[in-house]
Amino acid sequence: MAKPPLIWTNVIIFTSTLLATLVLVPWYQLTIGFDMFVITAAIISLFYCGLSITAGYHRLWSHKTYNAHWSVRLFFAIGGAFAMQNSALHWSSDHRVHHKFVDDNDKDPYSAKKGFWFSHIGWMLRHYHADTYNDYSNCRDLQKDPIVMWQHKHYLALTILTNVGFAVAVGLASGHMMGSLIAVGVTRLVLSHHFTFFINSWAHMWGSQPYTDKNTAKDNALLALFTHGEGYHNFHHIFEMDYRNGIKWYHYDPTKWLIKILSMVGLASNLRKTPQVKIEQAKLAMVLKRSHQRLDLRHDAEEMKLKLQAEYEQLVVKLNAFYSLKKKLFEDKKRKLVKEYDLKQLREQLNDLQESFELQRQAWLKLASHA
Ligand SMILES: [Zn+2]
Ligand SMILES: [Zn+2]
């Protein structure tokens, strides 16, 4: 079958900016040398672009994981144009299709099953889905957001204005116009592009699958460093309504921290979080599934399978009891419904339950790992 026609604008932008970066950065560094002010401005711009995509395009608009004040939305809309990744409306439409039909080679716009090149950049180089964008029908909600529609309408002007404007402004302020055009203008754009593209390619190929193996999405802590926290993609694909991607406090997820800070100063609200009990249960279910898969290779495994299944069910009951007691403790405390004495008793109960749950979990994981 003949390939769809090339999208020349994209081919030229991606190729020329990459070539310019590869040639101009070493040349400029060896002949003149980058100024510290310019380098700092380029790094800040890189974060501005990246976070506008992750916190704005992705977690706010595509997934509605929180609500944001208009000033924040405007800030992300401008940053998204600066990142040159199409309008928020177009981007979110693609992304919602990606989640709905993940890995479906016909429907997922950047299906990782079509290989690294295609999911990284190839999907943007040809008219693969020319018929998809007639009305953005999967983004009716976003069409009610005047900032999204304003950005969509003026996308081209905003893109040129931000990409030329920021680089020229830093050039004027530092007195190093050429250096700024190379670092803030071009290099920042190339890095920002490929760091985001990694989420569609790398994050669907290399890493672990602690929560689900129903799609190719992987958790990858190294990738999180480049993608402002979006490397925890296995978690994201199963719990897409969560404003976090890295759920542990030590997971590098600056997007999550930014959203949290915005909520603390009143600029974001309704931050959605998956109940911890669901997360734990997904993890346990994956361990069970993997053990069963291993046992399938043995013909004497029926008994072991039944044992694991029974233990798993017991564990899930305990898990639910633990989290509902925890919730009750938390709510009672909040409402000040209980006396200090009752609270102490409740807390002891919780500790006992947690201890026995942990013991059973350890024993079960051992059993499952030998399966
Ligand atoms: Zn997503
Ligand atoms: Zn994905």
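First listed ligand is number 1; within each ligand, the first listed atom is number 1.
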- Determine whether the side chains of H98 and H204 contain a donor N or O and an acceptor N or O closer than 3.5 Å.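 The answer is yes; a qualifying pair exists.
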- Task: Give the name of the N/O/S atom in H237 that lies closest to the Zn ion (ligand 2).
- Result: NE2
- Message: Among the N, O or S atoms of H204, which one sits nearest to the Zn ion (ligand 2)?
- Response: NE2
- Task: Please name the atom of H236, restricted to N, O or S, that is closest to the Zn ion (ligand 1).
- Result: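 Within H236, restricted to N, O or S, the Zn ion (ligand 1) is closest to atom NE2.
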- Message: From the N, O or S atoms in H99, identify the one nearest to the Zn ion (ligand 1).
- Response: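 Closest to the Zn ion (ligand 1) among those atoms: NE2.
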- Task: Verify the cluster assignment for V168 and L158: are they in a single hydrophobic cluster under the rule of side-chain heavy atoms below 4.5 Å apart?
- Result: no
- Message: What do you get for the angle at the Zn ion (ligand 2) between NE2 on H98 and NE2 on H233, to the nearest 10 degrees?
- Response: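 Nearest ten degrees: 160°.
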- Task: May I ask you to check whether H63 brings an N, O or S atom to under 2.8 Å from the Zn ion (ligand 1)?
- Result: yes
- Please determine if the Zn ion (ligand 1) has an N/O/S atom from H58 lying under 2.8 Å away.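 It does; at least one qualifying atom falls short of 2.8 Å.
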- Message: Can you tell me how far apart OH (Y243) and OG1 (T274) are? Round to the nearest 0.5 Å.
- Response: 10.5 Å
- Residues D242, K278: salt bridge by 4.0 Å N-O rule: no
- Task: Check L51 against F76 and note the closest heavy-atom contact, atom names and distance.
- Result: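 It is O-CE2, 4.1 Å.
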- Message: Quick one: does any side-chain atom of R126 pair with a main-chain N or O of P4 as donor and acceptor, under 3.5 Å?
- Response: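 Side chain of R126 to backbone of P4, a donor-acceptor pair under 3.5 Å: yes, one is there.
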